[in-house]
Amino acid sequence: MDYKTMELKNFKTAKAKLERILIKADKMGFMSQYDGKDYPEYIHTLWRSITHQPLLMQDANAIENEFGNGDTIQLVSDVMFESFNKHLEDY
């Protein structure tokens, strides 16, 4: 497996993990807690709260340690956008 293929696989795995984390965060009420903020602030505040939530922090911090804060925030945003689009397609 070449480097790009391995990197793509790592991103796909991270996005799947982030999707599970965000589903849990939504069930815990984190997603609506920050309504009214502009989108970048919303994503950063949401991620900060996830990384400090004992039930989510281990998986969240593992992803952030692998990809860094900036790329992780971008992945969170991507996952949220993709899940929103999936939701729209279901209707």
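Keep in mind that this is a model prediction, so the values were computed, not measured. We're numbering straight along the sequence, starting at 1.
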Original post:
At what distance, to the nearest 0.5 angstrom, does CD1 of I23 lie from CG of L18?
Top reply: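 Nearest 0.5 Å value for the CD1-CG distance: 11.0 Å.
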
Original post:
Does N61 offer a backbone N or O that forms a donor-acceptor pair with the side chain of N65 under 3.5 Å?
Top reply: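 Yes; at least one donor-acceptor contact below 3.5 Å.
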
Subject >> T72: partners by side-chain hydrogen bond (donor to acceptor under 3.5 Å, both in side chains), with sequence neighbours left out >> reply: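 side-chain hydrogen bond (donor to acceptor under 3.5 Å, both in side chains) list for T72, sorted by chain: empty.
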
Subject >> Results of side-chain hydrogen bond (donor to acceptor under 3.5 Å, both in side chains) for D59 - residues two or more places apart only >> reply: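 Listed in chain order: nothing, the list is empty.
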
**OP:** Sorted by first residue and then second, give each ring-ring contact (aromatic ring centres under 6.0 Å, His included) pair with at least one member in residues 44-68; sequence neighbours left out.
**Re:**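 Of all non-adjacent pairs touching residues 44-68, those that pass ring-ring contact (aromatic ring centres under 6.0 Å, His included) are F11-F67.
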
**OP:** Report the C-alpha distance between I73 and N69 in whole Å, list the side-chain angles of each, state the deciding distance to 0.1 Å, and finish with yes or no for side chain to side chain contact (heavy atoms under 4.5 Å, CB included).
**Re:** CA-CA 6 Å; I73 293 291; N69 182 265; 3.8 Å; yes

Original post:
Among the clusters formed by ILVMFWY side chains lying less than 4.5 Å apart, do M57 and I21 turn up in the same one?
Top reply: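 Looking at the clustering, I21 is in a separate group from M57.
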
What pair of heavy atoms forms the shortest contact from [X] to [Y], and how long is it?
X	Y	value
M31	Y42	O-OH, 2.7 Å
I43	S77	CD1-CA, 4.3 Å
I50	A60	CG2-CB, 3.8 Å

**OP:** Would you mind listing every salt bridge (Lys or Arg N to Asp or Glu O under 4.0 Å) that reaches into residues 41-57, with sequence neighbours excluded?
**Re:**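 Of all non-adjacent pairs touching residues 41-57, those that pass salt bridge (Lys or Arg N to Asp or Glu O under 4.0 Å) are K37-E41.
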
Original post:
Does E66 have any salt bridge (Lys or Arg N to Asp or Glu O under 4.0 Å) partners at least two apart in sequence or in another chain, and if so, which?
Top reply: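 In terms of salt bridge (Lys or Arg N to Asp or Glu O under 4.0 Å), with neighbours along the sequence ignored, E66 is linked to no residue.
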
Original post:
With sequence neighbours left out, what residues match K15 under side chain to side chain contact (heavy atoms under 4.5 Å, CB included)?
Top reply: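 For K15, the residues satisfying side chain to side chain contact (heavy atoms under 4.5 Å, CB included) (neighbours in sequence not counted) are L75, D78, V79, E82.
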
Subject >> Side-chain heavy atoms of I63 within contact of K17, under 4.5 Å >> reply: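 Of all side-chain heavy-atom pairs linking K17 with I63, at least one is under 4.5 Å.
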
